Amino acid sequence: MRHDIVTALEALDDEELRRVVDGLGEADRRALEAHWPVWAHDGQMPPDGAWRSWTILAGRGFGKTRAGAEWVSGFARAHPEASIALVAATVEEARNVMVEGRSGLLAVARSEEREAMVWEPSRRRLVFASGAAAFLYSAANPDSLRGPEHHIAWCDELAKWRQAQAAWDTLRLGLRLGERPRALVTTTPKAVAALKQILARKDNEATGGPTWANPHNNEDFVEAVIDAHAGTRFGRQELEGVLLEDVEGALWTRELIETCRVETVPSGCRRIVVGVDPPASAEGDACGIVVCGLGADGIGYVLADLSAGGLSPEGWARKVAAAAEAWAADRVVAEKNNGGAMVATVLRGADVGLPVTLVHAADGKSARAEPVAVRFENGKARFAGRFPALEDELAGLTYGGDYHGPTRSPDRADAMIWAMTELLVKPQRGEPRIRRL
């Protein structure tokens with residue numbers, strides 16, 4: 001197809017492109033289907049720069065396999081002398097997914113190329129129409145990569161390789177043909193050492209995204225998996241493509257968080273407290289606002305994370321007041337370090353209408369967090385639902401007192417800790433009336 005036509009098509013959104021395709025004749029349709037950049041979405045095209053490895057870290061159905069097959073096919077067309085490594089967890093997976101799969105190398109070949117391609121399963125070799133050859137390897141047998149030399153490599157689902165580090169290291173030693181040997185890794189994330197090492201390298205470029213970034217996915221499928229797994233560890237990893245790993249010495253490991261999750265509070269709450277970690281300024285960190293309750297069963301439950309950033313003191317105070325009213329809270333507990341007496345003044349000025357306890361963060365974060373973490377470990381505290389942003393911050397708190405979370409400050413985590421300390425750690429003030437959720 002002419003370059004100007006392709007450029008115009010690439011500028012269309014998905015709906016406009018479908019209308020154009022529906023009006024094409026068969027020959028034009030086949031020509032358009034062969035032009036991958038028209039169909040690729042963000043994260044599927046090779047990044048710019050002199051990278052040595054490109055990692056597509058993405059959710060299921062993102063289009064990782066299609067991106068890998070198109071990248072390899074394009075290289076084979078341009079380099080008839082190329083020797084290409086196709087590496088998967090097993091040779092069977094390399095064959096079933098990378099070569100014969102619905103989005104594999106045979107499927108993405110242009111119509112005029114297919115008759116000239118030679119697929120030799122017994123020799124684990126695919127010869128492209130240009131003459132370039134791809135060879136299949138099992139990561140379970142790293143020694144099979146010892147000796148062969150290649151121009152490029154495509155590594156599929158590296159996070160599930162049983163001997164990932166050995167296979168990757170051996171493969172890289174054989175990537176020494178041509179001017180710029182490169183490797184593409186397409187994988188759903190999992191915190192394995194080999195993958196983390198690859199992502200940390202300066203010569204690695206990473207792209208990717210969630211399952212729903214692919215506009216060609218079945219809408220019913222996307223809705224179903226989001227409904228089933230949104231917010232869970234499984235969903236964040238397998239659908240959102242987020243690499244979740246435990247920080248060394250984490251007070252809340254990812255496994256602990258999942259173990260402590262329930263969908264609802266089984267029998268109402270005897271007390272409800274709103275924990276608040278005020279921001280130092282409106283332009284600074286978020287205001288942590290977390291609602292926790294003491295169940296009739298004596299267990300503390302995280303009920304809601306209403307934290308927000310960019311608010312003035314009056315703005316976050318109104319949000320706290322609204323949370324207290326909506327959840328029928330009997331107390332607000334707020335850290336006073338960043339605002340002193342202003343915190344109580346602002347909250348009372350917002351007509352919170354209930355006791356406000358100001359707490360001073362005299363001890364380090366670890367000292368404050370550890371007694372609350374122990375309650376989660378022994379089953380005395382739970383998450384009543386899914387709170388990804390809060391959970392990410394909790395997973396960054398360590399026994400040593402350091403914070404390694406995704407935000408500059410663990411505002412949500414601090415707010416939850418203040419509320420849970422009020423409910424579970426401090427001596428109780430008496431038996432308030434029972435409140436139902």
Side-chain angles (χ1 to χ4, degrees), residues 231-232 251-252 256-278 286-308 316-335 343-344 347 350-359 368-395 397 410-437:
T232 65
L251 286 167
W252 278 268
L256 174 62
I257 291 171
E258 289 302 317
T259 301
C260 293
R261 193 184 311 283
V262 296
E263 292 301 320
T264 58
V265 178
S267 55
C269 288
R270 300 196 308 233
R271 293 192 64 199
I272 293 179
V273 170
V274 180
V276 183
D277 183 59
C287 179
I289 306 171
V290 177
V291 183
C292 296
L294 180 64
D297 52 10
I299 295 174
Y301 294 93
V302 179
L303 303 175
D305 176 12
L306 305 173
S307 306
W316 60 254
R318 285 195 296 270
K319 196 168 183 65
V320 172
E325 181 178 1
W327 287 90
D330 50 71
R331 183 167 294 272
V332 171
V333 180
E335 182 180 337
V343 175
L347 290 176
D351 296 326
V352 174
L354 76 163
V356 177
T357 298
L358 297 181
V359 288
R368 301 197 304 273
E370 283 183 28
V372 177
V374 168
R375 266 61 177 189
F376 281 89
E377 291 176 0
N378 64 22
K380 294 298 184 181
R382 299 185 181 278
F383 299 94
R386 301 168 180 138
F387 312 98
L390 168 61
E391 293 164 19
D392 285 349
E393 290 189 4
L394 291 172
L397 294 172
D411 310 292
R412 300 166 190 266
D414 281 344
M416 187 213 77
I417 289 166
W418 291 128
M420 283 293 188
T421 298
E422 171 71 20
L423 292 172
L424 300 176
V425 180
K426 290 177 63 176
Q428 299 302 303
R429 294 181 171 81
E431 189 69 22
R433 65 185 185 277
I434 293 178
R435 301 180 188 274
R436 294 289 178 183
L437 291 179

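Keep in mind the model is a prediction, meaning the values are calculated, not measured.
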Trp327 and Val274: CA distance, side-chain angles, deciding distance, side-chain contact (heavy atoms from CB on, under 4.5 Å) verdict: CA-CA 9 Å; Trp327 287 90; Val274 180; 5.7 Å; no

Provide the closest heavy-atom pair for [X] versus [Y] in the form atom of the first, atom of the second, distance.
X      : Y      : answer
Arg270 : Ala296 : NH1-O, 3.6 Å
Ala419 : Val290 : CB-O, 4.2 Å
Phe376 : Cys260 : O-SG, 3.2 Å
Ile417 : Ala369 : CD1-CB, 3.6 Å

Quick one: CD1 on Ile257 to CG on Leu390, what's the gap to the nearest 0.5 Å? 8.0 Å

Measuring from Lys380:NZ to Leu424:CG, what's the distance to the nearest 0.5 Å? 9.5 Å

Is [X] reaching over with its side chain to a backbone N or O of [Y], donor-acceptor style, under 3.5 angstrom?
X      : Y      : result
Asp411 : Cys287 : no
Glu391 : Phe387 : yes
Arg382 : Gly300 : no

Might you work through the side-chain contact (heavy atoms from CB on, under 4.5 Å) test for Trp252 and Val372, ending with a clear yes or no? CA-CA 10 Å; Trp252 278 268; Val372 177; 4.0 Å; yes

Do Arg375 and Glu370 sit within salt-bridge range, that is, some charged N less than 4.0 Å from a carboxylate O? no

Show, in sequence, the C-alpha distance, side-chain angles and deciding distance for Arg368 and Thr421, and conclude whether the side-chain hydrogen bond (donor to acceptor under 3.5 Å, both in side chains) test is met. CA-CA 8 Å; Arg368 301 197 304 273; Thr421 298; over 6 Å; no

pair Val425-Met420: side-chain heavy atoms closer than 4.5 Å: no

Does the side chain of Glu393 reach to within under 4.5 Å of the side chain of Met416, using non-hydrogen atoms? no

Can you name the ring-ring contact (aromatic ring centres under 6.0 Å, His included) partners of Tyr301, sequence neighbours left out? none

